[in-house]
Amino acid sequence: MTTIATASATSTAPAAQFFALWADMDTWPEWNTDTEWVRLDGPFVQGATGTLKPKGGPKVKFTVEKLTATDFVDVSTLWGARLTFDHHIVETSSGTEVSVAVRMSGPLSKVWTMVMGGGLRKSAQADLDALVRAAEAKVAAQR
């Protein structure tokens, strides 16, 4: 498995707010600049499936591969490869630490990394920062 990009941030929003935003996939385009739309085929649970439409790209099927109190891992199926977004959250005394690692695996992973890698590297930190702003804004609106 090849790591394409990583990003991390610290937030004042609790972990639950991040999971709420991840579960509300209709809002993903608000903080994920590469995404046109996302549809989940059922509830946001481990094993759930869905489809997403990247801007400028074809529809892609994905699976929620892992969903715990600290992790959300989704895997998109590409022809000959798997694109994995591994989100991790830890609440600390200094705030909620959120990180994402974007990885590619499979026999055609090198080809897909050449096609998509630059854009994913460019957007990983910006998208995570936008997610943090969205989570903090939701918390502020609830007060």
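Atom set for the values below is all heavy atoms of this structure, side chains included, hydrogens, waters and symmetry mates excluded. The shown structure was predicted, so the numbers you read here are calculated from the model rather than taken from an experiment.
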For D26, all residues meeting side-chain contact (heavy atoms from CB on, under 4.5 Å), sequence neighbours excluded
D24, R39
For a 4.5 angstrom cut-off between non-hydrogen side-chain atoms, does L83 reach M116?
yes
Those residues that, when tested against T68, pass side-chain contact (heavy atoms from CB on, under 4.5 Å) (two or more places apart)
K66, T70, D71
Partner set under side-chain contact (heavy atoms from CB on, under 4.5 Å) for S99, not counting sequence neighbours:
S8, H88
Would you call F18 and T96 a side-chain contact if the rule is heavy atoms closer than 4.5 Å?
yes
Any side-chain heavy atom of L108 within less than 4.5 Å of one from L78?
no
Distance-only, no hydrogens or angles: does the T92 side chain make a donor-acceptor pair with backbone N or O of G95 under 3.5 Å?
yes
Do V73 and L40 belong to the same hydrophobic cluster, where Ile, Leu, Val, Met, Phe, Trp and Tyr are linked whenever their side-chain heavy atoms lie under 4.5 Å apart, directly or via other members?
no
Do V38 and F62 have side chains that get closer than 4.5 Å, going by heavy atoms?
yes
Minimum heavy-atom distance between T35 and P29, given as atom pair plus value
O-CB, 3.4 Å
Does the side chain of L131 reach to within under 4.5 Å of the side chain of L21, using non-hydrogen atoms?
yes
May I have all residue pairs that pass side-chain hydrogen bond (donor to acceptor under 3.5 Å, both in side chains) and include part of residues 126-139, sequence neighbours excluded?
S11-E136, T12-E136, T33-D127, Q125-D129
Where is the tightest heavy-atom contact between G119 and D34, given as atom of each residue plus distance?
O-OD2, 4.2 Å
Using every non-hydrogen atom in the two residues, find where Q17 and A13 come nearest and quote the distance to one decimal.
CB-CB, 4.3 Å
Could you tell me whether the side chain of H87 reaches within less than 4.5 Å of the side chain of F85, counting heavy atoms only?
yes
Which of D86, T113, T2, I4 passes side-chain contact (heavy atoms from CB on, under 4.5 Å) with R103? Answer is D86
Tell me whether the count of non-hydrogen atoms from other residues, nucleotides or ligands lying under 6.0 Å of NZ in K55 goes above 12.
yes
May I ask you to decide if the ring planes of W22 and F19 are parallel, tilted or perpendicular, using 30° and 60° as cut-offs?
perpendicular
Tell me whether W37 shares a hydrophobic cluster with V60, the cluster being built from Ile, Leu, Val, Met, Phe, Trp, Tyr side chains joined at under 4.5 Å.
no
Taking the ring centre of each residue, are F44 and F72 less than 6.0 Å apart?
yes
W112: ring-ring contact (aromatic ring centres under 6.0 Å, His included) partners, not counting sequence neighbours
none
Heavy-atom pair of closest approach, residues R121 and A5:
CA-CB, 3.8 Å
Starting from W31, can I reach L52 by hopping between I/L/V/M/F/W/Y residues whose side chains sit under 4.5 Å apart?
yes
For the pair E91 (side chain) and A15 (backbone), establish whether a donor and an acceptor sit closer than 3.5 Å, ignoring hydrogens and angles.
yes
Could you check if a side-chain atom of M104 sits within less than 4.5 angstrom of a side-chain atom of K110, using non-hydrogen atoms only?
no
Which pairs, with at least one residue in residues 75-84 and sequence neighbours excluded, count as a side-chain hydrogen bond (donor to acceptor under 3.5 Å, both in side chains)?
E65-R82
Answer whether the closest heavy-atom distance between the side chains of L128 and V98 falls below 4.5 Å.
yes
Of all heavy-atom pairs between L67 and Q46, which one has the smallest distance, and what is that distance?
N-OE1, 3.2 Å
